Protein chains: 2
Amino acid sequence: MDSTDAKILKLLQTNARRTIADIGKLINMTQPAVKERVRKLEEKGVISSYGASLSPSKLGKETTAFVLFQTNSCEKFIDFCESHPDVIDLHRISGQHNYLVKVVTESTRSLDEFTDACGQFGFSTSLIVLSTPFEHKPLLPNNVEV
Amino acid sequence: MDSTDAKILKLLQTNARRTIADIGKLINMTQPAVKERVRKLEEKGVISSYGASLSPSKLGKETTAFVLFQTNSCEKFIDFCESHPDVIDLHRISGQHNYLVKVVTESTRSLDEFTDACGQFGFSTSLIVLSTPFEHKPLLPNNVEV
DNA sequence: CCTGAAAATAGAACCGC
DNA sequence: GCGGTTCTATTTTCAGG
């Protein structure tokens with residue numbers, strides 16, 4: 001993991017659909033060299049996946065919330081979240097609450113339905129997202145210049 | 001926004017580096033047709049960006065936390081978070097706390113340094129992530145079969 | 001790192017609802 | 001006119017030397 005890898009990672013995090021050749025031009029490196037580095041970064045698991053970010057509002061999802069949850073039926077709650085289409089992230093956390101759930105849904109009405117449905121597993125507190133100054137900022141390796 | 005768009009969006013969210021031609025094969029559509037749909041989805045802002053997800057632990061970042069924050073200096077706090085390399089997401093939220101900050105950092109030690117540095121702006125509560133059953137689940141359009 | 005074959009892309013011309 | 005297909009020139013990928 002050197003500064004070249006860091007540059008490649010930054011470029012891929014910024015725009016995953018960039019071509020290998022394009023990355024090569026930007027960092028003054030030949031295409032096979034870049035390709036080989038990307039292959040190794042994927043193989044080592046440094047790069048875990050490539051994804052597209054969608055605009056929730058353009059999909060008719062006007063409400064985003066973080067739901068803090070307290071439950072004893074962890075297995076069942078995980079399965080419930082896994083299969084619920086509005087649940088985007090699920091984290092187990094320290095503190096009074098066991099879980100932090102990110103929910104992207106149609107409206108406060110549908111959020112209400114979600115928390116109601118959760119009721120069978122435990123207790124929730126919802127934090128409604130009013131705005132998001134930024135999100136998914138690129139992750140940089142420690143101790144490396146970019 | 002029809003079921004074909006929904007399929008394309010799902011495939012791109014799952015793997016943004018898939019080729020247009022490959023997507024075409026999977027949904028039985030020619031390459032220019034897929035290309036045109038993707039172009040429109042980008043133009044309309046339904047697709048906001050393409051990114052790579054990295055493994056924090058492979059980058060030497062062993063601690064992830066959500067920090068709830070209460071402040072009066074919103075502008076300054078946003079700038080601080082924006083320029084801090086360990087802050088990945090920043091959301092303004094309802095409730096007693098103003099902000100929810102996702103932090104990915106080296107250790108609990110460096111998390112401690114972060115919250116100390118935040119101290120000048122207000123008060124924080126940290127929720128340490130113990131595990132993440134899943135994250136970045138694909139967003140599906142409302143009322144459309146995939 | 002270079003090279004050449006194979007694949008993917010971008011664009012034009014055309015067709016049918 | 002919109003959304004789809006085919007065809008083609010160009011670019012990108014990828015494997016072998």
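Protein chains get the first letters and strands the later ones, always in sequence-line order, with residue 1 at the start of each. Everything numeric in this text was worked out from a predicted model, so none of it was measured.
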Margin query: Does D/dG4 have its OP1 or OP2 closer than 4.0 Å to a side-chain nitrogen or oxygen of B/R37?
Written below: yes
Whole-Å distance, B/I27 CD1 to D/dG4 P, equals 9 Å
Out of D/dT6, D/dT13, C/dA8, minimum distance to the side chain of B/P32 belongs to D/dT6
From NZ of A/K40 across to P of D/dC14 the rounded distance in Å is 16 Å
Atom CG of B/D22 and atom C1' of C/dA8 are separated, to the nearest Å, by 11 Å
Separation of D/dG3 atom C1' from B/I8 atom CD1, nearest Å, is 12 Å
note: B/R39, atom CZ; D/dG4, atom P; distance rounded to Å ~ 12 Å
Test side chain to side chain contact (heavy atoms under 4.5 Å, CB included), reference A/L59, set B/L140, B/N142, B/L9, output is B/L9
Open item on the list: Tell me whether the rings of B/F121 and B/F80 are parallel (<30°), tilted (30 to 60°) or perpendicular (>60°).
Closed with: tilted
Out of C/dA8, D/dT13, C/dG11, minimum distance to the side chain of A/Q31 belongs to D/dT13
Picking from C/dT9, D/dC14, D/dT6, the nucleotide nearest the side-chain atoms of A/K35 would be D/dC14
The nucleotide from D/dT5, C/dA8, C/dC1 with an atom nearest the side chain of B/T19 is C/dA8
Taken to the nearest whole Å, CZ/B/R18 to C1'/D/dT12 is 19 Å
So, B/K137 side chain and A/E82 main chain: donor-acceptor pair closer than 3.5 Å or not?
-> yes
A/I20 atom CD1 is separated from C/dT9 atom C1', nearest whole Å, by 16 Å
Of D/dT13, D/dT5, C/dC1, the nucleotide closest to the side chain of A/A21 is D/dT13
Whole-Å distance, B/E36 CD to C/dC14 P, equals 19 Å
Do side-chain atoms of A/T63 reach the backbone of A/T108 as a donor and acceptor pair under 3.5 angstrom?
yes
- Query: Do side-chain atoms of B/S49 reach the backbone of A/S53 as a donor and acceptor pair under 3.5 angstrom?
  - Reply: no
